[in-house]
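Attaching a single structure in structure tokens format; questions to follow.
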There are 2 protein chains.
Amino acid sequence: MSTATLTQTPGQSRYGKLALALRDRILQGEWAPGDMIPAESALAQSYGVALGTIRQALSLLVEDGVLQRRHGKGTFVTKGVDGASMMRFFRFRGVDDGSSETPQSRILSSRLRRATSQEASVFGLPPDAQVLHLERLRSLSGEPCLLETIVLPLPLFGKLAESDTEVWDDLLYPMYQQRCGIVIQKTQDSLSFSQLNATQAKRLKLAAAHPCVQVERQAFDMAGRCVELRTTRGDAFSFKYTTQLQ
Amino acid sequence: MSTATLTQTPGQSRYGKLALALRDRILQGEWAPGDMIPAESALAQSYGVALGTIRQALSLLVEDGVLQRRHGKGTFVTKGVDGASMMRFFRFRGVDDGSSETPQSRILSSRLRRATSQEASVFGLPPDAQVLHLERLRSLSGEPCLLETIVLPLPLFGKLAESDTEVWDDLLYPMYQQRCGIVIQKTQDSLSFSQLNATQAKRLKLAAAHPCVQVERQAFDMAGRCVELRTTRGDAFSFKYTTQLQ
DNA sequence: GAGTGGTCTAGACCACGAC
DNA sequence: TCGTGGTCTAGACCACTCT
């Protein structure tokens, strides 16, 4: 499912068309992430529609995660998700009880390589395109907890490939935005169970074949393009995730 | 978190109050699950409010899962979730490729016992209350795949305790509704990793200590009361779950 | 054609946040 | 006090579904 399409009424109703139009103006960069867009009354006037209509259009974009409303202040372009969200799948204890602590990050390796055919397809790149391939270890209070493999399409992340990985931030998504102008807007995570191979186990200070939970993530920018592929592995015994149905 | 409260604006705005009032009428049984409620225009007139206001109230209840709108037909009370939803956490292969097949169900044991203090608290029962305790095996094409422990508060499920488990349906939730008048409206599932003990492993035809994924579910009726506690275990290698963020 | 929910208008007033 | 989004009204007309 592409996230480039609005979840409802793409182009039929007037508010649907308005939502698409506003969405385009945001993607074009007319308002940066964090910016306030014009007031509802101003938008209604400039588009020549009733206030209720523009409000329905904005509601679509709020549902879509592109905009956020703040009563009394205005309507703002979403800043994007922060990279700490991987922790919602795990509960590492004995480290910090309260805990919304951000894990520290260390880049173990960084190299350029040719994209696999699957990667090229997902990124929308030609088959011989290059990608940046990273290995990353995340730790809480010095204890390794998550091991990640990250693949980034090269033309977009050229500046990262040139920079020294020693000085990278603990959170990648805000760094993507600052250094490459890429805002992560949505992620899709696929969870499955696996066992660590010898190398992975060593890095996480666990035994080989130790059970692990594997999170395969696709991250999308505001235009709905996939701009990151990531596989995260963590101790299966620390896995804890809650979800609600209806 | 109790699901008895609406997700937004409980009693402040007019549409908030209307939503609560309509919700009560549904819980009181004025309209049964599957029934159509009066048209928006009729409701607006009977409550003496504008059409837009009643529409906002209905929207809250739709978000809450209590009502469903069908363009051109009417607004209907939700029928509740079907029990097959546990399969969204697992992909059992080699059995049926296309597959939205409902697993067959066999009750392995059924007995009455005193509620634990935790169960009594969750169900809102006195500490010495009785519960119905079930063990259940679910199979696809004759192959066991899920093992479940189900706990039901006795006063509500008295009729089930008396009936022969041999003739129970494959899906429990529709049966709860038919025989006990209980509609499951929401579930909350908590996933974690574990290993099978000897008994569990034998029933699932797996080795002892085989890795498993454990789903701990609380199921709520329309009034937001917890009416079922369930623990489901399945082969961790069949675990597969996908989720989206923002 | 009759009845339903969905869209849209052009206003009014309220509640919140910043200055 | 002013500008923002949130609530509410009293209509009109459209689109879908059934008979």
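In the text below, chain A, chain B and the rest are named by the order of the sequence lines, each starting its count at 1.
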Residue list, ring-ring contact (aromatic ring centres under 6.0 Å, His included) with B:Tyr176, at least two apart or on another chain: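 Partners of B:Tyr176 under the ring-ring contact (aromatic ring centres under 6.0 Å, His included) test: B:Phe157, B:Tyr173.
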Is there a donor-acceptor pair under 3.5 Å between the side chain of A:Asp221 and the backbone N or O of A:Ala223?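 It does hold such a pair.
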How long is the line joining CZ of B:Phe76 and P of D:dT17, in whole Å?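 About 12 Å, once rounded to whole Å.
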Residues in ring-ring contact (aromatic ring centres under 6.0 Å, His included) contact with B:Phe239, at least two apart in sequence or another chain: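 By the ring-ring contact (aromatic ring centres under 6.0 Å, His included) rule, B:Phe239 matches no residue at all.
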Provide, to the nearest angstrom, the distance between the NZ atom belonging to B:Lys17 and the C1' atom belonging to D:dC8.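 It works out to 13 Å between those atoms.
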In whole angstrom, what separates B:Arg14's CZ from C:dC13's C1'?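 Answer to the nearest Å: 11 Å.
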Return the set of residues passing side chain to side chain donor-acceptor pair (under 3.5 Å) with B:Glu30 (not counting sequence neighbours), or none when no residue passes.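 Per chain and number, B:Glu30 pairs via side chain to side chain donor-acceptor pair (under 3.5 Å) with B:Arg25.
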With B:Ser190, which residues qualify under side chain to side chain donor-acceptor pair (under 3.5 Å), at least two apart?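 By the side chain to side chain donor-acceptor pair (under 3.5 Å) rule, B:Ser190 matches A:Thr242.
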Grab the N/O contacts between the protein and nucleotides 4-6 of chain D below 3.5 Å, and write none if there aren't any.
| from | atom 1 | to | atom 2 | distance (Å) |
| --- | --- | --- | --- | --- |
| D:dG5 | OP1 | A:Thr75 | N | 3.3 |
| D:dG5 | OP1 | A:Thr75 | OG1 | 2.9 |
| D:dG5 | OP2 | A:Glu40 | N | 2.9 |
| D:dG5 | N2 | A:His71 | NE2 | 3.2 |
| D:dG5 | N3 | A:His71 | NE2 | 3.3 |
| D:dG6 | OP2 | A:Arg55 | NH1 | 2.9 |
| D:dG6 | OP2 | A:Arg55 | NH2 | 3.3 |
| D:dG6 | OP2 | A:Arg69 | NE | 3.1 |

Name all residues meeting the side chain to side chain donor-acceptor pair (under 3.5 Å) criterion together with B:Ser105; count only those two or more places apart in sequence or in a different chain, and write none if there are none.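 B:Arg136.
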Whole-Å gap separating C1' (C:dT4) and CG (B:Leu43):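 These atoms are roughly 12 Å apart.
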